Amino acid sequence: DKTAKWDEADSIATDVLATANLSAGYRGWALGIQAQVSLSRGSSEQAVEQARAAQASCTRLPLRLLWIRTLLVRGLLSVGRTAEASSVCDEISQMLETFGGGYVEINAWLAMAETFAACGDMNAARRCLARARQCIDTRAADIRDEDMRRRYLHDVLENARAHALAATWL
């Protein structure tokens, strides 16, 4: 059950945040998980607050900061703050150019695609979605086991989101 998994993730993050002498990196990670949980529950304002708090803890961890910013964008878009989301996407784009995207690359391209769409620039949205799908396809090609590849393509949240957007936009 997905709700139980989100509840468990929130509980673990809460426990981590209660740890004495917690490092900034773990604080940012735990707040990011809470922001992701809040988004899954439809608590977008809370997710925005959590993501903002997490950003301050991730200044020395560029890929974690990139992940946090994708969560911030999703929260901002959910509450209709597209101009602010667009500004954060500018930062995401610069980070992709500087650091690459690593494990966050797909989420970064999706955040930018959804922001461009919300701002009415569907050509840019489709370009960003194409980049996300290219990343997904590249990784999927390296998964030899068919069942694992199918699960990667359809069960990983950001990949499922990219597939749903492609079905709507392309």
Side-chain angles (χ1 to χ4, degrees), residues 1-6 9-10 29 32-48 50-51 54-55 58 62-170:
D1 172 59
K2 288 184 181 183
T3 301
K5 289 182 181 182
W6 286 121
D10 189 40
W29 171 77
I33 288 173
Q34 287 186 326
Q36 195 164 14
V37 169
S38 293
L39 285 169
S40 77
R41 293 176 175 162
S43 301
S44 300
E45 282 290 351
Q46 184 176 6
V48 167
Q50 290 161 326
Q55 282 188 113
C58 296
L63 289 180
R64 191 164 302 160
L65 180 58
L66 182 61
W67 170 60
I68 295 299
R69 287 184 174 158
T70 67
L71 297 172
L72 178 58
V73 165
R74 288 181 52 211
L76 291 169
L77 290 176
S78 292
V79 296
R81 290 160 46 191
T82 55
E84 197 173 345
S86 182
S87 177
V88 176
C89 280
D90 290 341
E91 296 169 3
I92 289 172
S93 179
Q94 291 171 4
M95 291 181 79
L96 282 172
E97 287 180 29
T98 303
F99 302 108
Y103 68 95
V104 189
E105 186 173 29
I106 294 164
N107 276 319
W109 287 113
L110 285 175
M112 291 190 297
E114 290 168 325
T115 301
F116 279 124
C119 292
D121 188 346
M122 289 309 296
N123 288 330
R126 287 183 187 100
R127 282 193 302 275
C128 289
L129 178 58
R131 289 293 299 269
R133 293 181 72 205
Q134 180 183 27
C135 295
I136 293 166
D137 292 344
T138 298
R139 288 172 176 86
D142 289 336
I143 303 172
R144 296 187 194 282
D145 180 273
E146 288 214 21
D147 185 54
M148 291 293 288
R149 184 174 41 254
R150 182 197 53 74
R151 288 183 15 214
Y152 172 76
L153 290 170
H154 300 286
D155 295 345
V156 174
L157 292 176
E158 60 266 25
N159 299 351
R161 205 163 89 238
H163 181 73
L165 290 174
T168 304
W169 295 354
L170 305 177

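If you read the sequence from its start, that first residue is 1, and numbering goes on from there. These numbers were taken from a predicted model, which means no experiment stands behind them.
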> For a 4.5 angstrom cut-off between non-hydrogen side-chain atoms, does Ile136 reach Glu158?
no
> What heavy-atom pair brings Val37 and Ser40 nearest, and what distance separates the two atoms?
O-OG, 2.7 Å
> Before accepting this row, confirm whether a basic side-chain N of the pair Arg149/Asp142 lies closer than 4.0 Å to the acidic partner's carboxylate O.
no
> Is there side-chain contact between Ile106 and Arg131, with at least one heavy-atom pair below 4.5 Å?
no
> If the threshold is 4.0 Å, N to carboxylate O, is there a salt bridge linking Glu114 and Arg74?
no
> Side chains of His163 and Leu153: does their closest heavy-atom pair fall under 4.5 Å?
no
> Shortest non-hydrogen contact from Ala162 to Leu129?
O-CD1, 3.8 Å
> Would you say Ser93's side chain and Cys89's backbone share a donor-acceptor pair under 3.5 angstrom?
no
> Got more than 12 heavy atoms from elsewhere within 6.0 Å of CE, Met122?
yes
> Flag yes if more than 12 heavy atoms outside Arg64 fall under 6.0 Å of its CZ atom; otherwise flag no.
yes
> Is the shortest side-chain heavy-atom distance between Thr82 and Leu77 below 4.5 Å?
yes
> Measuring only between side-chain heavy atoms, which start at C-beta, is Leu96 closer than 4.5 Å to Trp109?
yes
> Quick check against the 3.5 Å criterion: does Arg69 have a side-chain atom that pairs as donor or acceptor with the backbone of Glu91?
no
> Take Asp147 and Arg151 through the salt bridge (charged side-chain N to carboxylate O under 4.0 Å, His left out) test and state the conclusion after the steps.
CA-CA 6 Å; Asp147 185 54; Arg151 288 183 15 214; 3.5 Å; yes
> Under a 3.5 Å distance rule, please check whether Asp121 uses its side chain to pair with a backbone N or O of Phe116 as donor and acceptor.
no
> If you compare all heavy atoms of Trp67 against all heavy atoms of Gly32, which two are closest, and at what distance to 0.1 Å?
CH2-C, 3.4 Å
> Does a side-chain heavy-atom distance below 4.5 Å link Asp10 with Ile33?
no
> Does the side chain of Leu170 come within less than 4.5 Å of Arg126's, by heavy atoms?
yes
> For the residue pair Cys58 and Ile68, what are the closest heavy atoms and their distance?
SG-CG1, 4.1 Å
> What distance do Leu72 atom CG and Gln55 atom CD have between them, rounded to the nearest 0.5 Å?
5.5 Å
> Kindly compute the distance separating SG (Cys135) from OH (Tyr103), expressed to the nearest 0.5 Å.
15.0 Å
> Before giving the answer on side chain to side chain contact (heavy atoms under 4.5 Å, CB included), spell out for Leu110 and Cys128 the whole-Å C-alpha distance, their side-chain angles and the decisive distance to 0.1 Å.
CA-CA 7 Å; Leu110 285 175; Cys128 289; over 6 Å; no
> Are Glu105 and Arg139 close enough for a salt bridge, meaning some N to O gap below 4.0 Å?
yes
> Can Tyr152 and Asn159 be said to form a side chain to side chain contact (heavy atoms under 4.5 Å, CB included), step by step?
CA-CA 7 Å; Tyr152 172 76; Asn159 299 351; 3.2 Å; yes
> Answer yes or no: is there an ion pair linking Glu45 with Arg81, defined by an N-O contact shorter than 4.0 Å?
yes
> Do you know which two heavy atoms are closest between Leu39 and Leu71, and how far apart they sit?
CD1-O, 3.8 Å
> Would you name the heavy atoms of Gly101 and Leu63 that are closest together and state the gap between them?
O-CD2, 3.6 Å
> Kindly compute the distance separating CG (Leu65) from CZ (Phe99), expressed to the nearest 0.5 Å.
8.5 Å
